[in-house]
Student: 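Have a look at the structure that comes next, please.
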Number of protein chains: 2
Amino acid sequence: MDSVAKKAQRYHHGDLRPELVRIGRKMIEAEARPSFRGLARAAGVSHSAPQHHFPTWSHVLAACAADGYRELSADLERVKANYGTHPSEALYKMGDAYLAFADRSPVIFRLMFNRSALDVRTDEFASEASAAYNHLVRSIRDTDPSMTDAHFDYLINSIWALIHGMSVLQIERQICVSTDDGQTAYQFLRRGLEALLES
Amino acid sequence: MDSVAKKAQRYHHGDLRPELVRIGRKMIEAEARPSFRGLARAAGVSHSAPQHHFPTWSHVLAACAADGYRELSADLERVKANYGTHPSEALYKMGDAYLAFADRSPVIFRLMFNRSALDVRTDEFASEASAAYNHLVRSIRDTDPSMTDAHFDYLINSIWALIHGMSVLQIERQICVSTDDGQTAYQFLRRGLEALLES
DNA sequence: GACCTATCTAGTCAATGACAAGATTGAGGG
DNA sequence: CCCTCAATCTTGTCATTGACTAGATAGGTC
């Protein structure tokens, strides 16, 4: 009997919260109607056991969204570590990592940017979201450390908007390519980022 | 007794479907947990009356999303009518109209770009979405009728991504302004569009 | 006027979210 | 080592929900 099933047989799971987040992320991604009780079933515990870790289903969604930001942060950090000495290239590759994350986890990605669905505000969510954002901030600062605050404001908002928007269009399957020269969302994104950095 | 209440007293409502979409849009925007039965109550009919117009709740969501596209199209068309002789200016103002629509109806806006939540595909939704998109297509074509298809592909995707992304950041309250010179999302958007059009 | 179809009402059932009460167990202190 | 307390679980309950069904009403057409 594997470890998970064995744990399910014990009264005290011992590590239920992180397990619920891990299973929750999968369910939210894969099922049309993920639910609190479905999550409990998938974790092998009684229907209200998760409520001792998450008061409501909205708290589960917030925890899963925070976990999404955690993963996105790790992706962005890894890219920066590889291209740290080429700030513009780092930014293009961070955009690509953002696109790839959205492709891998489209439902969580949408949830991460849906303050109406996340009707609970948790510190965990806020701090993870902020950490991810700060990777982008530092990367843009690195492209020109002497830029004015006003120009930085323009760049951070327009660059993030372009990266985020391209990710949304991609997961909504709205990227339009009429020629057959193999242009991709990443190539459009890169050219757009180059244009914004030059402006 | 007003017309709506009078209709509610009759057995045959007579115009229930459009009424359900109108009420549904309001509910989806205003309530944390809009539901099929809540919609029926708000319309003053029995709990399963709406099912004769919408087989499932997902069909209600799809109809409301299509209605959102209908309204967005009207906004974009109105802007084009006013700035038709200045294609670039028309594009900037269409971006502003897009931002304004997202501000007015953030929940519907998110729903319109959430293929996972819209697990039914209706012809109505597809045609209204396509009509809205085509306003953008024509507007970009108008800025330079001689542009190549490959350049057009780059422009339509990056411009739409920038406009959409800026709208998402705005309704998620993520537009960051560190200076107090009154810069707005529209100003960032406009500068970004200028940069993309010049690239 | 009869018939048919569209559109409604009323009912049913399984699943759900949230809440409550009690059971189990792990950790800490005496 | 034992006791206590809190954390974490199980079981149960209730109102509401989505989807489905059966029957009632009424508008349109022939």
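Lettering of chains follows the sequences in order, A, B, ..., and the numbering in each one begins at 1. None of these values were measured; they are calculated from a predicted model.
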Student: Tell me: CG of D15(A) to P of dA7(D), nearest whole Å?
Tutor: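 D15(A) atom CG is separated from dA7(D) atom P by 17 Å.
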Student: Are OP1 or OP2 of dT17(D) and a side-chain N or O of S35(B) less than 4.0 angstrom apart?
Tutor: yes
Student: Kindly say if R41(B) contacts the phosphate of dT17(D), meaning a side-chain N or O under 4.0 Å from OP1 or OP2.
Tutor: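 Affirmative; the distance criterion is met.
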Student: Send over the distance from L39(A) CG to dA15(C) P, rounded to a whole Å.
Tutor: 17 Å
Student: What's the CD-P distance between E31(B) and dT16(D), to the nearest Å?
Tutor: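 Interatomic distance, CD of E31(B) to P of dT16(D): 14 Å.
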Student: Applying side-chain hydrogen bond (donor to acceptor under 3.5 Å, both in side chains), name anything that partners D142(B), two or more places apart in sequence or on another chain.
Tutor: none
Student: Under the rule for side-chain hydrogen bond (donor to acceptor under 3.5 Å, both in side chains), what residues qualify as partners of E77(A), not counting sequence neighbours?
Tutor: none
Student: Rounded to whole Å, how long is the line connecting atom NE2 of H47(B) with atom P of dA15(D)?
Tutor: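 Interatomic distance, NE2 of H47(B) to P of dA15(D): 17 Å.
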Student: Would the base of dA10(C) count as contacting S48(B) through its side chain, where contact means a donor and an acceptor less than 3.5 Å apart?
Tutor: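 When only heavy-atom distances are counted, S48(B) does reach the base of dA10(C) through a donor-acceptor pair under 3.5 Å.
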Student: Please tell me whether V137(B) and L76(B) are part of a single hydrophobic cluster in this structure, the criterion being side-chain heavy atoms less than 4.5 Å apart.
Tutor: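 In one cluster with V137(B): L76(B), yes.
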Student: Using whole Å, what does the distance between atom C1' of nucleotide dG18(D) and atom CG of D119(B) come to?
Tutor: 13 Å
Student: With sequence neighbours excluded, tell me which residues meet side-chain hydrogen bond (donor to acceptor under 3.5 Å, both in side chains) with Q174(B).
Tutor: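 Q174(B) satisfies side-chain hydrogen bond (donor to acceptor under 3.5 Å, both in side chains) with no other residue.
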Student: Which pairs would a plain distance check flag for residues 88-97 of chain B, meaning a side-chain donor or acceptor within less than 3.5 Å of a matching protein atom at least two apart in sequence or in another chain?
Tutor:
from: E89(B); atom 1: OE1; to: R190(B); atom 2: NH2; distance (Å): 2.8
from: E89(B); atom 1: OE2; to: R190(B); atom 2: NH1; distance (Å): 3.2

Student: Does any residue of residues 50-57 of chain B have a heavy atom under 4.0 Å from DNA chain C, and if so, which ones, in number order?
Tutor: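 Going residue by residue through residues 50-57 of chain B, the ones with a heavy atom under 4.0 Å of DNA chain C turn out to be H52(B), H53(B).
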Student: On DNA chain D, nearest-nucleotide positions of S58(B) versus S46(A): which is more 5'?
Tutor: S46(A)
Student: Grab the NE2-C1' distance between H12(A) and dT25(C) for me, whole Å please.
Tutor: 5 Å
Student: Would you indicate, yes or no, if dA19(D) has its OP1 or OP2 atom less than 4.0 angstrom from a side-chain nitrogen or oxygen of R33(A)?
Tutor: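 For dA19(D), OP1 or OP2 has a side-chain N or O of R33(A) closer than 4.0 Å.
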Student: To the nearest angstrom, how far is R37(A) atom CZ from dT16(D) atom C1'?
Tutor: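 In whole Å, dT16(D) C1' and R37(A) CZ are 12 Å from each other.
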Student: Which residues pass the side-chain hydrogen bond (donor to acceptor under 3.5 Å, both in side chains) test with T56(A), sequence neighbours left out?
Tutor: H59(A)
Student: To the nearest Å, how far apart are F36(A) CZ and dT10(D) P?
Tutor: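 In whole Å, dT10(D) P lies 13 Å from F36(A) CZ.
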Student: Is R115(A) reaching over with its side chain to a backbone N or O of E172(B), donor-acceptor style, under 3.5 angstrom?
Tutor: yes
